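Okay, so here's the structure we're looking at.
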Amino acid sequence: MIENEFKIMLTEAQYEKLLSSRDFSTVTQVNYYYDTGDLEMSARHVTVRVRELGGNFYLQMKLPTEKALSRVELERELEALPETISGEMLNSLAQGDFPDVKMLGSLKTTRSVWKFDGGEIDLDKSEYFGKVDFEVEIEFTNEQNARKVLGEITELLEIKPSAEVCAGKIRRFLVEYKNQNP
């Protein structure tokens with residue numbers, strides 16, 4: 001699957017304002033991030049995570065594409081949460097030469113979702129390494145409708161439209177991971 005999305009970091013006040021503006025449904029998920037000791041996967045712009053959702057575990061890999069707003073996302077259900085994931089398992093999910101990876105830590109997200117024609121708004125409160133941050137992701141298959149919704153959000157929250165690009169959760173997580181493990 002190709003993932004297309006806009007992301008904007010929010011303040012807590014902006015998060016609360018957007019949350020109260022629509023009838024969102026809410027779920028909690030935990031992402032467990034994996035990499036090598038020298039963060040080789042990150043250097044290759046590959047994300048390896050296991051997402052825990054409703055008591056189920058899903059191995060997910062995100063791989064870069066040529067389009068700036070897109071990534072390939074692959075997924076496979078697991079029976080349990082592993083401490084390490086073999087390169088062999090990663091290679092079976094995505095053709096490549098991937099090493100064994102170990103769990104670096106977790107990021108808990110309270111995600112509020114509102115669907116629109118051709119996409120959805122994912123309003124996230126994320127907690128990791130004692131930090132809390134807020135973001136809105138607009139995931140889409142219809143870019144025109146997504147840009148319209150993006151415009152409504154930036155107007156409501158008084159955000160400059162150029163604010164649509166921010167570091168993803170894995171990047172923010174890795175910054176804190178490196179701070180905790182110099």
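Computed from a predicted structure; not experimentally measured.
- Between L10 and E135, every side-chain heavy-atom pair lies at or beyond the 4.5 Å cut-off.
- Aromatic ring centres of Y128 and Y177 lie farther apart than the 6.0 Å criterion allows.
- Annotation for S126 and T109: closest pair OG-OG1, 3.2 Å, computed over non-hydrogen atoms.
- For the residue pair V113 and R111, the shortest heavy atom distance occurs at CG2-CG, 3.6 Å.
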In sequence, state the C-alpha distance, the side-chain angles, and the governing distance for L90 and M41, and then conclude on side-chain contact (heavy atoms from CB on, under 4.5 Å). CA-CA 11 Å; L90 297 178; M41 299 301 274; 4.2 Å; yes
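- The side-chain heavy atoms of K131 and R172, taken from C-beta on, include no pair separated by under 4.5 Å.
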query = Given the rule in the ring-ring contact (aromatic ring centres under 6.0 Å, His included) test, do F116 and F140 qualify, once you have shown the distances and angles that lead to the verdict?
reply = CA-CA 9 Å; F116 61 89; F140 60 89; 8.5 Å; no
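- Between R22 and E152 there is a salt bridge, since at least one side-chain N of the basic residue sits less than 4.0 Å from a carboxylate O of the acidic one.
- Tested against M103 for a side-chain contact (heavy atoms from CB on, under 4.5 Å), the candidates D35, V50, L81 yield a single pass: L81.
- Between V136 and the options D122, L19, T154, L18, a side-chain contact (heavy atoms from CB on, under 4.5 Å) holds for only L18.
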* To do: Step by step, work out the side-chain contact (heavy atoms from CB on, under 4.5 Å) result for I153 and I138.
  => CA-CA 10 Å; I153 290 171; I138 302 172; 3.8 Å; yes
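- Looking only at distances, a side-chain donor or acceptor of N91 sits under 3.5 Å from a matching main-chain atom of F98.
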Evaluate the side-chain contact (heavy atoms from CB on, under 4.5 Å) criterion for residues S106 and E52: first the C-alpha distance (whole Å), next the side-chain angles of each, then the deciding distance (0.1 Å), finally the verdict.
CA-CA 10 Å; S106 65; E52 180 181 1; over 6 Å; no
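- Taking each heavy atom of D23 and W114 in turn, the nearest pair found is O-CD1, 3.7 Å.
- Nearest heavy atom pair, residue V48 against residue L59, reads CG1-CD1, 4.0 Å.
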Review point. Between L174 and L104, does a side-chain contact (heavy atoms from CB on, under 4.5 Å) hold up when you go through it step by step?
Key: CA-CA 9 Å; L174 285 173; L104 303 179; 3.9 Å; yes
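- The shortest side-chain heavy-atom distance between S92 and R76 falls under the 4.5 Å cut-off.
- Counting all heavy atoms, side chain and backbone alike, A146 lies closest to F6 at CB-CE1, 3.9 Å.
- Residues E16 and F134 have side chains not in contact (no heavy-atom distance under 4.5 Å, counting atoms from C-beta outward).
- Residues K178 and L39 form a side-chain contact, since some pair of their non-hydrogen atoms from C-beta on lies under 4.5 Å apart.
- More than 12 non-hydrogen atoms from other residues, nucleotides or ligands lie less than 6.0 angstrom from CD of E77.
- Residue T28 comes nearest to L53 through the heavy atom pair O-CD1, 3.6 Å, listed as atom of the first residue, atom of the second, then distance.
- Between R49 and K169 there is no side-chain heavy-atom pair separated by less than 4.5 Å.
- Residues Y58 and V101 fall into different hydrophobic clusters, defined by Ile, Leu, Val, Met, Phe, Trp and Tyr side chains chained together at heavy-atom separations under 4.5 Å.
- Without hydrogens or angle criteria, D100 side chain to G87 main chain gives a donor-acceptor distance under 3.5 Å.
- A side-chain donor-acceptor contact under 3.5 Å links K17 to the backbone of L156.
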